[in-house]
Protein chains: 2
Amino acid sequence: MTVTLADVAARARVSPATVSRVLNGNYPVAASTRERVLRAVDDLDYVLNGPASSLAAATSDLVGILVNDIADPFFGIMAGAAQTQIGGPGDGSGRAGGEKLAVICNTGGSPERELTYLTLLQRQRAAAVVLTGGAVENPEHQAAMAAKLAKLADAGTRIVFCGRPPLPEGDALVAALAFDNRGGGRRLTEHLISLGHRRIGYVAGPRERTTTRHRLEGHREALHAAGLGAPAAEGGAGGPGAGSGDQGADGDPLVVHGPYDRRSGYEATLELLRRAPDVTAIVAANDTVALGACAAVRDQGMRIPQDISVAGFDDLPFSVDAVPALTTVRLPLFEAGARAGRLAMGKENPPPGGIATIAAELMIRGSTAAPRG
Amino acid sequence: MTVTLADVAARARVSPATVSRVLNGNYPVAASTRERVLRAVDDLDYVLNGPASSLAAATSDLVGILVNDIADPFFGIMAGAAQTQIGGPGDGSGRAGGEKLAVICNTGGSPERELTYLTLLQRQRAAAVVLTGGAVENPEHQAAMAAKLAKLADAGTRIVFCGRPPLPEGDALVAALAFDNRGGGRRLTEHLISLGHRRIGYVAGPRERTTTRHRLEGHREALHAAGLGAPAAEGGAGGPGAGSGDQGADGDPLVVHGPYDRRSGYEATLELLRRAPDVTAIVAANDTVALGACAAVRDQGMRIPQDISVAGFDDLPFSVDAVPALTTVRLPLFEAGARAGRLAMGKENPPPGGIATIAAELMIRGSTAAPRG
DNA sequence: CTGTTAGCGCGTTCAT
DNA sequence: ATGAACGCGCTAACAG
């Protein structure tokens with residue numbers, strides 16, 4: 001029923017080996033022979049058997065892209081960009097030549113699923129794996145990840161980090177693109193301080209996430225530099241079991257943690273406003289959270305930016321259309337994703353030292369202004 | 001270097017076949033034996049060789065999810081939801097048991113890439129394929145798709161449509177979940193008409209897309225029912241080669257086509273306002289386009305909804321946070337995606353007749369109001 | 001319940 | 001430049 005390489009060979013009156021060679025194109029084959037083989041392929045509608053091919057060659061054409069939440073454009077943009085570099089433009093025939101199969105795996109931010117996907121990709125003998133977005137900072141999980149990635153690298157899988165710092169165990173097959181979250185966070189808060197804000201609320205992302213920590217650290221750097229430091233560091237006092245919605249277990253009353261979504265921004269902002277009615281600005285962990293913060297501020301009868309300034313992070317496409325337009329920090333998500341894709345394909349050399357830091361650009365718009373009075 | 005099934009068998013003092021049986025769990029194995037085997041697997045850090053397994057079993061654990069634009073939350077939400085039903089929750093060990101590998105493939109809306117991805121999935125002997133979002137209505141491409149899908153189905157791949165009507169060739173392995181785009185579009189425009197609007201601009205999606213056509217048809221149905229019909233149907237007069245940004249080649253001056261993005265909404269709205277300064281409402285093909293439309297309206301110095309009403313479609317998460325909140329049509333994207341995932345896994349029976357229509361719900365919010373005077 | 005025996009379809013030596 | 005033979009690692013009969 002299903003047509004195999006041998007069938008093609010028979011029709012083209014050559015040996016199976018020859019067909020294999022023209023298909024993989026890595027061997028010298030006479031032009032006339034190639035012609036006959038290709039015609040036979042088309043005539044028979046032959047499609048290579050991927051598993052058989054991968055088994056024999058001990059490598060597959062699968063490239064995995066891991067994301068925390070594919071419903072979030074932050075990841076969608078990066079993943080889509082990476083795929084453009086990996087999937088190949090196609091030759092229009094739908095025949096599928098040498099392109100790789102770039103596949104996006106949605107971990108939902110769960111460490112278990114992250115590991116499971118890596119195992120699944122390892123099982124498929126993936127050619128490369130791209131890990132996007134913030135990493136979970138649990139030591140146990142980090143160790144498990146490092147071990148798993150080491151095994152993948154051992155098996156020849158290329159590893160690329162995109163938007164997250166690499167794990168300690170820097171391998172040769174590993175390249176990393178890290179966003180300057182700390183610097184971006186710092187400049188954003190500096191901007192608010194320069195406008196005259198002194199009491200600034202911060203809606204942070206989930207705990208134990210590199211992205212969350214770095215952005216928050218940048219915020220605190222700016223605060224401290226201006227002599228506005230909080231009483232103490234968080235100290236991680238919330239402890240295990242303090243899940244999402246954990247708001248108030250902190251040393252710093254002006255910081256509230258929550259997931260990276262709109263609802264969290266809304267609720268955390270209400271909490272912040274309750275705790276500290278004198279805040280004149282609110283910085284959100286990202287733009288989606290900022291949108292929720294804006295809604296909360298308005299529902300409290302306050303205007304943006306006259307009564308309260310609000311700022312986000314990422315500069316997602318919708319942010320410029322918010323009313324007022326959102327002040328935020330732009331991350332070149334598409335460019336970074338595309339570069340990660342190229343690194344995964346080996347089309348581009350890894351940055352010196354294996355790690356490149358991607359600059360973040362402050363975008364000042366209408367949602368931030370000087371505080372009243 | 002790499003540990004195989006035979007190694008595990010040796011260590012557990014059983015035959016390779018037995019190891020295979022406990023790993024696949026589809027055969028009776030004595031509990032004590034299973035125990036020994038599993039321990040050997042853990043001791044050796046064994047990971048199944050996917051290609052070899054797929055080759056022998058003539059089927060793989062790959063499930064493909066095709067989307068038009070993964071950077072668009074419309075697709076991100078559906079795809080993520082589908083993956084939750086397919087990837088399995090993981091057993092926390094990262095060992096990866098019987099779960100499938102759900103992978104998202106981003107076609108970018110290109111027919112060629114769509115076909116290429118299908119070929120790639122066919123090559124991998126995918127267990128199932130989920131096609132999401134609107135289909136391209138080019139007859140040639142439809143024929144190619146039908147042929148390709150028939151071949152996939154022949155090879156045992158389950159086919160699921162999610163958010164698009166099924167192709168004519170209804171196969172037994174095919175299930176379809178279609179959104180009621182036409183009904184939603186109709187009710188949205190009816191709402192506008194009931195508010196008193198008579199001149200309504202429409203920013204449509206790209207031509208030759210089922211989604212675009214159905215939403216627009218719903219709009220026109222409402223118009224005609226109210227005696228507000230346009231002079232003539234579009235007639236497809238734009239013809240081939242009329243790419244994106246095609247604005248004005250229509251029979252109906254109140255309809256402008258463009259891609260499903262913010263910029264298109266912005267520019268199309270300016271064009272609409274130029275052509276017909278007397279419009280009192282603008283309906284956009286989706287929420288993202290509506291955001292661009294809002295920006296254009298405001299940049300022209302007009303207020304929403306006092307001067308002009310604006311409405312979208314999809315009810316994406318950010319729409320409720322627009323200012324004013326966007327009137328739109330809600331599509332249960334997550335639920336539909338999850339159901340598609342279940343259908344792909346064979347966990348759920350296909351709807352009677354193979355096709356289910358998913359209702360669309362009108363969400364009336366602040367961006368629409370009665371026209372002035 | 002478990003072991004033995006054959007391939008699955010292709011890539012890759014070796015020859016020629 | 002091409003063909004012949006072998007084996008990749010696993011599953012699926014078939015015995016027992």
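So that the names make sense, note that chain A is the first sequence line, chain B the second, and so on, each numbered from 1. Here the structure is a predicted model, which is why all the values come from computation and not from measurement.
- Running 5' to 3' along DNA chain C, contacts with non-hydrogen atoms of chain B at under 4.0 Å begin and end at C:dC1 to C:dG9.
- A distance-only check finds a donor-acceptor pair linking the side chain of B:S54 to the backbone of B:G50 [under 3.5 Å].
- B:T157 places no side-chain N or O within 3.5 Å of a backbone atom of B:A127 that could act as its donor or acceptor partner.
- One atom, CG of B:D7, and another, P of D:dC8, lie 12 Å apart when rounded to the nearest Å.
- Checking B:T119 against B:T116 by side-chain atom types alone, no donor-acceptor pair falls below 3.5 Å.
- One distance of note links OG of B:S53 with CG of B:D61; it measures 7.0 Å at 0.5 Å rounding.
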Practice problem: Mark up nucleotides 11-16 of chain D, 5' to 3', with B wherever a protein heavy atom is under 4.0 angstrom from a base atom, S wherever such an atom reaches only the sugar-phosphate, and - elsewhere. | Solution: BBB---
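- Between B:R164 and B:E114 a salt bridge is recorded (basic side-chain N to carboxylate O distance below 4.0 Å).
- Shown here is B:E335, whose CD atom has more than 12 heavy atoms of other residues, nucleotides or ligands within 6.0 Å.
- When side chains are defined from C-beta on, A:V160 does not count as touching A:L131, because their heavy atoms never get closer than 4.5 Å.
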Self-check item: Residue pair B:K148, B:Q122: steps toward the side chain to side chain donor-acceptor pair (under 3.5 Å) verdict
Solution: CA-CA 9 Å; B:K148 181 60 87 181; B:Q122 180 184 8; 3.1 Å; yes
